[in-house]
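All residue numbers refer to positions in the sequence shown, counting from 1.
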Amino acid sequence: MKNRISSMALGIALLGTPSLAAAEPYIAFSGGLSLPEDSPNRGQTTATIPASASFPAIPADTPVDWTTEFDNGYNISAFIGYRFDNGFRVEGEVNYARSSIDTHRDVTVGGTNIDAIDASVLTRGPALGATVGAVVDSGIGSQSSYGGFVNAYYDFNQDGAFQPYVGGGVGLQRVRFDYRPSNVDVGQGSETNFAWQLMAGATYRLSDSFEVFGQYNYRNAGRTTLALDLLPADLSARSRQSILSAGVRIPLGGN
């Protein structure tokens with residue numbers, strides 16, 4: 001009797017839970033435009049920068065900050081997942097994104113903006129004849145990331161050809177920043193960060209074996225630390241971006 005009750009309870013649980021028997025597997029690919037947000041970089045000096053004939057010393061632990069603006073870039077992704085018959089969908093995603101740097105601005109040291117000061121304030125060498133603002137204005141360098149997410153979606157109008165959807169995902173991203181304004185090696189850094197994203201889009205089912213979709217992502221890959229080469233300081237840069245993409249999805253058949 002106890003075994004019979006246990007079997008009945010297991011059967012009821014299975015009826016109420018999506019399973020592979022009620023799922024349609026698929027693969028998908030997408031590509032699109034990455035729209036990075038500005039990065040408010042922040043950090044501090046790690047050692048005292050000695051005084052020069054023109055400038056006083058900068059003590060260790062002095063705050064160093066500036067803002068980096070990025071050009072639009074690109075994102076490519078590949079997916080493998082399952083669509084359940086209750087409207088939910090789960091998938092694994094791998095991706096790569098890259099954007100070039102447009103400019104750096106508003107360099108502050110100890111809370112004072114130094115954009116208008118000769119760049120030798122940082123190098124402590126002879127006068128360079130160019131201000132800090134002019135040196136960092138040149139947009140050379142990049143932000144790039146790769147990694148993976150586990151995503152979950154809900155598809156509306158699942159029985160129709162046009163299927164809007166919303167979703168979210170969590171994962172890991174390997175993020176790298178390379179700052180080289182005016183071909184000056186300012187600093188680089190890369191870290192593997194926890195990341196999350198929110199998605200909204202729509203699928204159009206052309207046939208039982210081929211679909212197209214458009215999607216918007218908001219992706220947050222946290223902060224990455226750079227060890228600066230131009231001066232003794234550590235800096236953290238932020239990776240947030242909107243992604244507009246289009247792709248194809250290939251259902252592989254299911255029960």
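- For the atom pair OG1 of Thr131 and CG of Asp115, the computed distance is 7.0 Å after rounding to the nearest 0.5 Å.
- Glu211 has its side chain out of reach of Ile250: every pair of non-hydrogen atoms, C-beta onward, lies at least 4.5 Å apart.
- Residues Tyr26 and Val90 are members of separate hydrophobic clusters, defined by side-chain heavy-atom contacts under 4.5 angstrom among Ile, Leu, Val, Met, Phe, Trp and Tyr.
- Pairing each heavy atom of Pro251 with each of Phe210, the nearest pair is CD-N, 3.8 Å.
- With values rounded to the nearest 0.5 angstrom, Ser100 atom OG is found 10.5 Å from Gln143 atom CD.
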Stepwise, does the side chain to side chain contact (heavy atoms under 4.5 Å, CB included) test hold for Gln241 with Leu35? CA-CA 5 Å; Gln241 57 193 302; Leu35 307 170; 5.9 Å; no

Criterion salt bridge (Lys or Arg N to Asp or Glu O under 4.0 Å) on Arg205 and Asp159, from CA distance to verdict: CA-CA 10 Å; Arg205 178 167 276 197; Asp159 295 330; over 6 Å; no

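- Here CG of Asp178 is found 10.0 Å from OG of Ser190. Values are rounded to the nearest 0.5 Å.
- Shown here are the side-chain hydrogen bond (donor to acceptor under 3.5 Å, both in side chains) partners of Asn151, two or more places apart in sequence or in another chain: Glu91, Glu93, Gln197.
- Judged by distance alone, the side chain of Gln158 and the main-chain N or O of Phe84 form a donor-acceptor pair under 3.5 Å.
- Here Arg249 does not pair with Glu24 in a salt bridge; the nearest charged N to carboxylate O distance is not below 4.0 Å.
- Grouping the Ile, Leu, Val, Met, Phe, Trp and Tyr side chains by contacts below 4.5 angstrom, directly or via other members, places Leu228 with Ile117.
- Under the 3.5 Å distance criterion, the side-chain polar atoms of Thr103 are matched with a main-chain donor or acceptor of Asp137.
- The distance from atom OG of Ser54 to atom CZ of Arg124, rounded to the nearest 0.5 Å, is 9.0 Å.
- Between Phe156 and Tyr154, the gap from one ring centroid to the other is short of 6.0 Å.
- Grouping the Ile, Leu, Val, Met, Phe, Trp and Tyr side chains by contacts below 4.5 angstrom, directly or via other members, places Leu235 with Val107.
- Leu206 and Val248 fall within a single hydrophobic cluster, where Ile, Leu, Val, Met, Phe, Trp and Tyr side chains are chained together by heavy-atom contacts under 4.5 Å.
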Run the side chain to side chain contact (heavy atoms under 4.5 Å, CB included) check on Thr67 and Asn41 step by step: do they pass? CA-CA 6 Å; Thr67 297; Asn41 309 303; 5.8 Å; no

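- Listed for the Ser34 side chain is no donor-acceptor partner under 3.5 Å among the backbone atoms of Tyr74.
- Leu122 and Leu128 fall into different hydrophobic clusters, where Ile, Leu, Val, Met, Phe, Trp and Tyr side chains are chained together by heavy-atom contacts under 4.5 Å.
- Using modelled atom types, no side-chain atom of Asn95 and backbone atom of Tyr146 make a donor-acceptor pair closer than 3.5 Å.
- Listed here is the closest heavy atom pair of Gln173 and Ala221: CB-CB, 4.1 Å.
- The shortest distance between side-chain heavy atoms of Val135 and Val132 does not fall below 4.5 Å.
- Using a cutoff of 4.0 Å between basic side-chain nitrogens and carboxylate oxygens, Arg180 and Asp229 are not scored as salt-bridged.
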Could you give me the CA-CA distance, side-chain angles and deciding distance for Ser142 and Arg98, then say whether side chain to side chain contact (heavy atoms under 4.5 Å, CB included) is met? CA-CA 7 Å; Ser142 64; Arg98 182 181 175 87; 3.5 Å; yes

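- Of the possible polar contacts, one joining the Asp118 side chain to the Gly129 backbone as a donor-acceptor pair under 3.5 Å is found.
- Geometrically, Arg89 engages Tyr165 in a cation-pi contact, judged by NZ or CZ lying under 6.0 Å from the ring centre and within 45° of the ring axis.
- Put simply, the side chain of Gln188 does not reach to within 4.5 Å of the side chain of Tyr179, judged on heavy atoms.
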With a cut-off of 3.5 Å and sequence neighbours excluded, list every side-chain donor-acceptor pair involving residues 55-66.
{"residue": "Thr62", "atom": "OG1", "partner": "Pro59", "partner atom": "O", "Å": "2.7"}
{"residue": "Trp66", "atom": "NE1", "partner": "Thr68", "partner atom": "OG1", "Å": "3.2"}
{"residue": "Trp66", "atom": "NE1", "partner": "His104", "partner atom": "ND1", "Å": "3.2"}

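- Separation of atoms OG (Ser242) and CG (Asn217) is listed at 9.0 Å; rounding is to 0.5 Å.
- The aromatic rings of Phe213 and Phe79 lie perpendicular to each other, with more than 60° between the two planes, well past the 30° mark.
- The minimum heavy-atom distance between Ser120 and Pro126, with the atom names listed, is CB-O, 3.4 Å.
- Rounding to the nearest 0.5 angstrom, the gap separating the CG atom in Asn75 from the OG atom in Ser30 is 6.5 Å.
- Heavy atoms from other residues, nucleotides or ligands lying under 6.0 Å from OH of Tyr204 number 12 at most.
- Here the closest heavy-atom approach between residue Pro36 and residue Ser99 is recorded as CG-OG, 3.1 Å.
- Taking each heavy atom of Arg223 and Pro40 in turn, the nearest pair found is NH2-O, 2.9 Å.
- In this structure, Ser207 contributes its side chain and Ser209 its backbone to a donor-acceptor pair below 3.5 Å.
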Please evaluate residues Ser239 and Phe177 with respect to the criterion side chain to side chain contact (heavy atoms under 4.5 Å, CB included), reporting the C-alpha separation (whole Å), side-chain torsions for both, the decisive distance (0.1 Å), and the verdict. CA-CA 9 Å; Ser239 177; Phe177 289 92; 4.1 Å; yes

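- Residues Arg42 and Ser236 are in side-chain contact: their nearest non-hydrogen atoms beyond the backbone lie under 4.5 Å apart.
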